[in-house]
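Every chain is numbered from 1, with letters handed out A, B, ... down the list of sequences.
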Amino acid sequence: MSVAVKQSPLFNDRKSFKRSRPSWVDDGNEDRRQKTPSKVTGLSPNSHLKSPKKARKSLNGFTGPSKIEDSGRASVNVSKPLQIQEQRSKLPIAKGKEALIREFRENDVTVLLGETGSGKTTQVPQYLLESGLAGDGIIAVTQPRKVAATSLAARVATEQNVNLGSSVGYSVRFDERFSPETRIKYMTDGMIVRELMSDSLLSKYSVVIVDEAHERSLRTDLLIANLKTILRQRNNIQDVKGKGKVKGNASNPLKVIIMSATLDAEKFGLFFEGAKILYVQGRQHPVKIYHSSQGQVDYVDAAMRTFFQIHTDYPPGDVLIFLPGQEDIESLEKTIQIYSNQLPHDHMLVLTCPMYASQAAGQNSKVFHPTPPNTRKCILATNIAETSITIPGVKYVIDTGKCKEKRYLARNTGGGFDTLLIRDITQSSAMQRAGRAGREGAGHCFRLYTEDAFKAMALSAEPEIMRCSLSSSLLQLKCLGQDLETLDLMDQPADESMKSSLIVLFLLGALDREKEITSVGRQMAAFPLEPVYSRAVIASTEYGCTQEVLDIVSVLSASSKLFVESSEQRDAVSEARQKFRHVCGDHLTILNVVKAYQEIAQSESKSGRKEWCRRHFLNERALLEANDIRDQLRQTCQRLGIDHRVSCGEKDDPVIQSLGHGLALNMALLQPDGFYKQAIGQSVVKIHPSSTLCDKKTPAIIYDELVYTNQIYARGVSKIPKSFILTFGTLKLQS
DNA sequence: GAGCACTGC
């Protein structure tokens, strides 16, 4: 979207600005919760939640999950254990400690609703440990994100006055600190789902606490489904006619605590039939919420006008604007800069800070520096500022009510690709955004949508399991002898989506005609990779290029992008890229980068490597992460008896052939009009402009993924011989 | 000519 810069600057005429700015309705929705813990009732009496209304009332305003802050107060001086214990006892949850322990003792499953700052994530595991409720087992606390798991563990170790890794530890990918004496273990949900594959009853855990359950990540959902089954088995629960559930004696019972911060906690309660629902109040400063009196057609323009309204009419304090993506952020940053330069000279200055994930690391850190005197910081952020990063000093939030969402369109519905489109946020997301204004003191949140629009929003986001490709999870489940169709999930994915993943796994050779897992499938599941890439690794053993394929797939599965983008130095970037460019396309270009980096790493110091990356516009974080992934993949190879050192030297064909086995469904042929048509499937696609093969008119290609934004783009593209498509054409006939 | 956010023994 482009924002037309208005010819007549708004600020030459204050009146016209006033007229043009959105008008606000004060909904009287100021959050009146106390911020002092003294008045907080830690736990509501007789705390069975009778209706969702009650929760809604208490939760009115903003709350939300917040990982690191929940643990909280990391900035507080933690050097003296006595002070720590005092802080612990002052947390809102502390008042309800005894009641909580009683409830945990009496119930197998508890759903604990807690607001930001209640301290539930750090305190509940300690209560369980200190009260002896965990027996001899380990208390697992799962988190959707790695940073949350590690920083929470560090905080709790400090509170327990023990070394991290002793009685309190953590386990996330590539990083773990725990020992045989570890009793409280913070871990990512992906990690515990992986553990299911070797211990399907999770028998070493006596309590599993699922934190941030409302986020409904794919792995959280799979974990919750498995926990329900495990509970029946370990707690010896049986259905007896007329009596309902009857508990027998159990030698190693399990307790499950679901922690959530949303409005729809009842769903968890219903899923775990008869689970007790408890509510803990949080600690958050009041945030006054304003809704616009009418809908805003152009949210970027409305955000701009609202920012200047705050800037001219409200006391100092930084402004955080939530926008859906980089494009809007860049355009709004430009207009704000243009207009702020036209402000009267005695007016406060404006410092704009764009923030989004793909931005170079140094650029993002600008927002954490203290705001200079006589300046108002204006942070323009994507959803990254909603959960992942907390920015200090924010007093005003402008919420456009929009975000981008990735959604998988099943292959058999004419899709087989992801869409990345702008859509309305949810109520819980809106509250989370508003809450960002009240972290350090009272704040204001300006919503660029009406109160009716807010009420019309979905309560919370659709679970990820409904929106993403399921092939990876289905393969994992098949290893456990389970199936998506029979697993008791909170929300069942669409039939098309499950069928689509079955087809993909069948065509990759991971499942047979009876939908049973094959030996290749088992090998694939052992790799922490997307099925398409684990298939390529296995194929590489036939073509003698395992080393090269591992180099490539580790970069492809790293979370950060390899190539740094910089719109200002476009020419320098493309010149630096040229050095690594390979005629076959993006996969071998990546291999060139990896090889070059390895060579540099031999001779250069740490700072030398860093400088080399900077000079070539490469993201070293991606390369370092890829190194970790490659080490892990090599270990997996060793376990499976695959020699990871086998190399094809300078030859290109074996690498492309191996990748082709994994990307067999991702092939396309050039059409006369310059577009590509899928070899298997109906979609007409275009090569993404970031690809080295863009505009190269390559007759036949394989690609890593398709993403629909303005049109369907193929990303991560390599040239293949046309004959290759014929080989896989026969595959198509078989199906 | 274009890039929401996470994550994996």
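Look at OH on A:Tyr170: it is 15 Å from P on B:dC9, rounded to the nearest Å. The separation between A:Leu556 atom CG and B:dG8 atom P is 17 Å, rounded to whole Å. Rounded to whole angstrom, the span from the NZ atom of A:Lys406 across to the P atom of B:dC4 amounts to 10 Å. In this structure, A:Arg433 atom CZ and B:dA5 atom P are separated by 12 Å, rounded to whole Å. At whole-Å resolution of the value, CD in A:Glu405 and P in B:dC6 are 16 Å apart. Across the protein-nucleic acid pair, A:Leu222 atom CG and B:dC6 atom C1' stand 15 Å apart, rounded to whole Å. Note: CG (A:Asn710) to P (B:dG1) measures 12 Å, nearest angstrom. Look at CD1 on A:Ile425: it is 13 Å from C1' on B:dC4, rounded to the nearest Å.
Note on A:Thr709: every side-chain N or O is 4.0 Å or more away from OP1 and OP2 of B:dA2. Within the structure, a side-chain polar atom (N or O) of A:Thr382 is placed less than 4.0 Å from OP1 or OP2 of B:dA5. Contact check, A:Tyr356 against B:dG3: no side-chain N or O comes under 4.0 Å of OP1 or OP2.
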task: Under the side-chain contact (heavy atoms from CB on, under 4.5 Å) rule, what do A:Leu511 and A:Ile517 come out as? Steps first, then yes or no, please.
output: CA-CA 4 Å; A:Leu511 299 179; A:Ile517 190 158; 4.2 Å; yes
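In the set B:dG3, B:dA2, B:dC6, B:dA2 carries the atom at the smallest distance from any side-chain atom of A:Pro689. Comparing B:dA2, B:dT7, B:dC4 by their closest approach to the side chain of A:Arg145 singles out B:dT7. With B:dT7, B:dG3, B:dC9 as the choices, the nucleotide that has an atom nearest any side-chain atom of A:Met197 turns out to be B:dC9. Residue A:Ile384 places its side chain closer to B:dC6 than to any other of B:dA2, B:dC9, B:dC6.
A:Phe174 comes within 4.0 angstrom of no nucleic acid atom, judged by non-hydrogen atoms across all strands. The residue A:Glu530 sits close to a base: some heavy atom pair falls under 4.0 Å. Using a 4.0 Å heavy-atom cutoff across all strands shown, A:Ser559 reaches at least one base atom of the nucleic acid. A:Gln632 comes within 4.0 angstrom of sugar-phosphate atoms only, judged by non-hydrogen atoms across all strands, and of no base. Among the atoms of the strands shown, base atoms are found under 4.0 Å from some heavy atom of A:Ser472. A:Ile422 comes within contact range of no nucleotide atom at all, as no heavy-atom separation falls under 4.0 Å. At the heavy-atom level, A:Ser198 lies nowhere under 4.0 Å from the strands shown.
The base of B:dT7 lies close enough to the side chain of A:Arg219 for a donor and an acceptor atom to sit less than 3.5 Å apart.
Looking at heavy atoms from C-beta onward, A:Asp418 lies out of side-chain contact with A:Arg407 at the 4.5 angstrom threshold. Counting heavy atoms from C-beta outward, A:Leu550 and A:Ile629 have side chains that stay 4.5 Å or more apart. For the pair A:Leu470 and A:Tyr408, the minimum side-chain heavy-atom distance is 4.5 Å or more.
Between A:Tyr713 and A:His688, the angle of the ring planes goes over 60°, which puts this pair in the perpendicular group of the 30/60° scheme.
Side chain to side chain, A:Ser429 and A:Glu386 meet the donor-acceptor criterion of an N or O pair below 3.5 Å.
Nucleotides of DNA chain B nearest to A:Phe527 and A:Gly325 differ in position, and the one nearer the 5' end is that of A:Gly325. Both A:Ala558 and A:Lys404 sit near DNA chain B, but only A:Lys404 has its closest nucleotide nearer the 5' end.
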